[in-house]
Amino acid sequence: MTMTRRGTAKLVALATVAATVGAALLVQAGTSTAQPGKPIARGNAYGEWRHWGADQWSTRYSPLEQITAQNFDSLQVAWEWKGGAFGKDEYYRTTPLYANGRLFTVASTRRVATALDPSTGETLWMYRLDEGIRWQKAPRQFAGRGVSYWTDGTRERVLLVTPGYHLVSLDAKTGKPDAAFGKSGVVDLMEGLGYPMVPLAVDDSGPLIISDAAPYRKAKPGETWDPVKKIGADGTVGIESQIAASSPAMVVGNVLIVGNSSIHGYYPIKASNPIGTVRAFDIPTGRLLWKFNLIPQPGEYGADSWKNGSKQGTKGVGKVDAWAPYAADEQLGLVYIPVGMPLMDEYGGHRPGDNLFGNSLVALDVKTGKRKWHFQMVHHDIWDYDAPMAPNIMDVTVDGRARKVVAQPTKQGWLYVFDRATGEPIWPIEEKPVLQSGVPGEKSAPTQPIPSKPAPYSQQGLVEADLIDYTPAIKDSALALARKCRMGPYYIPPAANDGKDSTGFRCAWYAPGASGGVNIDGGATVDPETGLLYLASITGLSTTALANDPCSEFAYSSPAANCGLIGALPAPAGYKRPENVGFAGRASGSMIGGISIVKPKEYGGITAYDMKSGDKAWWMPNAGFIKQTSRDPIWSGVTIPPLPGRGQAQAITTKTLVIYGTGRSGGLPGEPAKLFALDKKTGKQVGALEIPAKTTAVPMTFLHKGDQYIVFATGAEENTSLVALKLPRKR
């Protein structure tokens, strides 16, 4: 790895600080909470939270029972740790880990790794890798969702994937890089991807633009760094394309499984980018063990599902990145990879075919990386329906038969449930005909796999029966508005807004939209004892209307304005910047007097499923119901039903409760931020605690020195924090 002198000096200085601070404070941190008679379960010790999803099964479950329905409202803030002290962040996405008496987390767009004293929130050590322009142009420049933890019973390591796509192994006690791992504790994840490593340079001082404009480039011979303009070559090397990671790696035994994130697929400029890969590394040494291509290369299984060819660098080939967290069954020796979609989000005319392994759940052998089984949940995705969340693993009895289950929440509003050893669906999943695209050049999939169970948890598509009909006038108005865009039950293809769509429509209804359903902020938690799965989701209705951006290499995309940006094609003569670019206004067209044309339903919020039968057990809105009013005369004299609370709830399960925060866009208007507790069997609210600010990531819980804590992230920009709650000490 090549680093600037500036970066090397900063790394050494930080390591020195870490060693000094760590030596002074580690005595306070305590020792392992693992208790005699309570063995490691699913890769997690009793009372700990060693994985992003609590354990390898991503249950987000803790067997702790100190906090109950009777005392939940008595919880108090034990401490607040200011992550913003390490720099800005878009919003704080982290779920900390707790292992062997310490908390581990990340902060800021630099992804600073830290260890905290669980009793006080005091910083024990911190580490930051200076990545130069690789950080500056990282496609996922935010704190990430956390770190990974490993121990062999003697050695302990914190494993960090940086914004600039390095893998760092840190001593969990001191924060110092492990000299035996990679090169001085660091593995450069850009190496080994099949692209040349070259000196990099930039032509502007800003970050990568979300479309993939203003990237870094290959440095010119002799090019140096201009410290005033902050352009040129700073000594950083890498591949000449953007790639990153946005979730922690997965620890299974001594193996670390690492994926990647690509640029956002909303409105990219370049018609190819790096293919998604999953790789495994030996944790003690950093040695590469295996690599699995998520876009099968020529000769590999699934390559024929890319009708124009799948070779890396081919036009239309790229993305398919497994960017979400993973789950694993160490006993079976399998890791379960939820896979993202191909390039780009709402148009796929450049990539005909089903496009494996896009939008799939893939089970890989942990030791070899060989595919054991896969299931593609969306063929030829043109809806941005990434698999956005770690699957949840359970052992349940279904129809009298003990089953090893893996359940994958999705953006499209279905939970796909499989036998995790074989990939066999637990309940039938049928390929059904779906609407076909009318966009020029697009060839959509003729069928999509539709689960028979469980029932959906979000609005899907838009049909006449979904529309409000409280009065004849309201019904007529809703139907007239609905018919302006293409309707259908689910998987309605996006429409082109230029009048060239063969369906005659210039827009199509979009439900669930790109945010889900389920997305990374929500997801599911399970109760291993009862077989219930609690799924936190959103619901809504918006539209798609594709446009041609003449300065990109694609025929259609979401409306964009790339002309004039660094890296874009030149603007044609007479070009005028389009209005209403991006995603603004997509949902506003589904309202009459501020009221949605869709009837309120038991969608979004938290849906509990009995995984023994696949049936819905109960449903609760996120934080409650929102009163709706309108001044539009059409609503005069009509009692408007309340709307379920918005936003993605962020839930965990304990021995006694389902505990959730509302998420950054949740909560009720005018109400203070709260943390809620629900009865696991009925969904009845049994606690509501006012907290300093809304949760922005999935909480976690642990037992430290006899006290059960709940810790959650909150805030954005400079005001990010971790907040710890615990019960007051008895006098």
Check [X] against [Y] and note the closest heavy-atom contact, atom names and distance.
| X | Y | answer |
| --- | --- | --- |
| Leu415 | Tyr457 | N-CE2, 3.7 Å |
| Pro388 | Ala324 | C-CB, 3.6 Å |
| Lys453 | Ser613 | NZ-O, 2.9 Å |
| Thr105 | Thr94 | OG1-OG1, 3.0 Å |
| Asp381 | Asp384 | OD1-N, 3.4 Å |
| Gly604 | Trp619 | O-NE1, 2.8 Å |

Would you call [X] and [Y] a side-chain contact if the rule is heavy atoms closer than 4.5 Å?
| X | Y | answer |
| --- | --- | --- |
| Thr95 | Arg145 | no |
| Glu90 | Gln141 | no |
| Phe72 | Ile659 | yes |
| Asp707 | Leu727 | no |
| Ile382 | Pro493 | yes |
| Lys616 | Leu535 | no |
| Val526 | Thr653 | no |
| Ile520 | Pro325 | yes |

Side-chain atoms of residues 471-482: list all donor-acceptor pairs with protein atoms under 3.5 Å, sequence neighbours left out, distances to 0.1 Å.
residue : atom : partner : partner atom : Å
Thr471  : OG1  : Ile474  : N            : 3.1
Ser477  : OG   : Ala473  : O            : 2.9

What distance separates [X] [atom1] from [Y] [atom2], expressed to the nearest 0.5 Å?
| X | Y | atom1 | atom2 | value |
| --- | --- | --- | --- | --- |
| Leu546 | Asp345 | CG | CG | 10.5 Å |
| Ser74 | Leu725 | OG | CG | 12.0 Å |
| Ile652 | Arg60 | CD1 | CZ | 9.0 Å |
| Met620 | Glu602 | CE | CD | 10.5 Å |
| Asp610 | Asp615 | CG | CG | 7.0 Å |
| Lys674 | Ile691 | NZ | CD1 | 10.5 Å |

So, [X] versus [Y]: side-chain donor-acceptor pair below 3.5 Å or not?
| X | Y | answer |
| --- | --- | --- |
| Ser590 | Ser596 | no |
| Thr701 | Gln708 | yes |
| Thr114 | Trp81 | no |

Run the side-chain contact (heavy atoms from CB on, under 4.5 Å) test against [X] and tell me which residues pass, sequence neighbours left out.
| X | value |
| --- | --- |
| Tyr491 | Val378, Trp383, Tyr385, Gln412, Trp414, Tyr416, Val434, Gln448, Ile450 |
| Glu65 | Lys655, Thr656 |
| Pro63 | Tyr46, Tyr61 |
| Pro641 | Tyr470, Pro600 |

For this session: May I ask you to decide whether Asp466 forms a salt bridge with Lys601, counting only side-chain N to carboxylate O separations under 4.0 Å?
Result: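 Between Lys601 and Asp466 there is a salt bridge, with a charged N closer than 4.0 Å to a carboxylate O.
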Exercise. Any salt bridge between Asp55 and Arg50, counting N to O under 4.0 Å?
Worked result: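 Answer for the salt bridge query: no.
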Seminar exercise, completed: So side-chain hydrogen bond (donor to acceptor under 3.5 Å, both in side chains) across residues 530-540, not counting sequence neighbours, yields Asp527-Thr530
Problem set entry | Residue pairs fulfilling side-chain hydrogen bond (donor to acceptor under 3.5 Å, both in side chains) with at least one residue in residues 629-651, sequence neighbours excluded | Gln650-Thr695
Please answer whether the main-chain N or O of [Y] pairs with a side-chain N or O of [X] as donor and acceptor at a distance below 3.5 Å.
| X | Y | answer |
| --- | --- | --- |
| Arg111 | Ala143 | yes |
| Asn622 | Gly666 | no |
| Gln628 | Gly594 | no |
| Trp135 | Thr109 | yes |
| Asp321 | Ala245 | no |
| Gln459 | Gly540 | no |
| Trp79 | Glu122 | no |
| Ser261 | Ser246 | yes |
| Lys411 | Asn519 | no |
| Asn44 | Glu48 | yes |

For this session: Find out whether the Lys NZ or Arg CZ of Arg486 is both under 6.0 angstrom from the six-membered ring centre of Trp509 and within 45° of the ring's axis.
Result: no
Exercise. On the ring face of Tyr91, is Arg664 found with NZ or CZ under 6.0 Å from the centre and within 45° of the axis?
Worked result: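 Judged by the rule (NZ or CZ under 6.0 Å from the ring centre, within 45° of its axis), Arg664 counts as positioned above Tyr91.
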For a quick test of your reading: what N or O donor-acceptor pairs under 3.5 Å do the side chains of residues 712-723 make, sequence neighbours left out?
residue : atom : partner : partner atom : Å
Thr714  : OG1  : Lys694  : O            : 2.5
Thr720  : OG1  : Gly84   : N            : 2.9
Ser721  : OG   : Glu80   : OE2          : 3.0

Exercise. Residues two or more places apart in sequence or in another chain: which of them pass ring pair (Phe, Tyr, Trp, His ring centres under 6.0 Å) with Tyr267?
Worked result: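 Scan of Tyr267 (ring pair (Phe, Tyr, Trp, His ring centres under 6.0 Å), adjacent residues dropped) gives none.
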For this session: Report the residues that fulfil ring pair (Phe, Tyr, Trp, His ring centres under 6.0 Å) with Tyr709, sequence neighbours left out, ordered by chain and then residue number.
Result: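 Per chain and number, Tyr709 pairs via ring pair (Phe, Tyr, Trp, His ring centres under 6.0 Å) with Phe702.
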For this session: Any salt bridge (charged side-chain N to carboxylate O under 4.0 Å, His left out) involving residues 506-520? Give me the pairs, sequence neighbours left out, ordered by first then second residue.
Result: none
For this session: Output every pair passing salt bridge (charged side-chain N to carboxylate O under 4.0 Å, His left out) with a member in residues 587-599, not counting sequence neighbours, ordered by first then second residue.
Result: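 Of all non-adjacent pairs touching residues 587-599, those that pass salt bridge (charged side-chain N to carboxylate O under 4.0 Å, His left out) are Asp469-Lys599.
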Exercise. Step by step, would you call Phe86 with Val106 a side chain to side chain contact (heavy atoms under 4.5 Å, CB included)?
Worked result: CA-CA 10 Å; Phe86 295 95; Val106 286; over 6 Å; no
For this session: Identify which one of His704, Lys705, Lys726 satisfies the side chain to side chain donor-acceptor pair (under 3.5 Å) criterion when paired with Ser119.
Result: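 Exactly one pass, corresponding to His704.
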For this session: Please lay out, stage by stage, how Asp386 and Trp323 fare under the test side chain to side chain donor-acceptor pair (under 3.5 Å).
Result: CA-CA 9 Å; Asp386 297 84; Trp323 58 267; 3.2 Å; yes
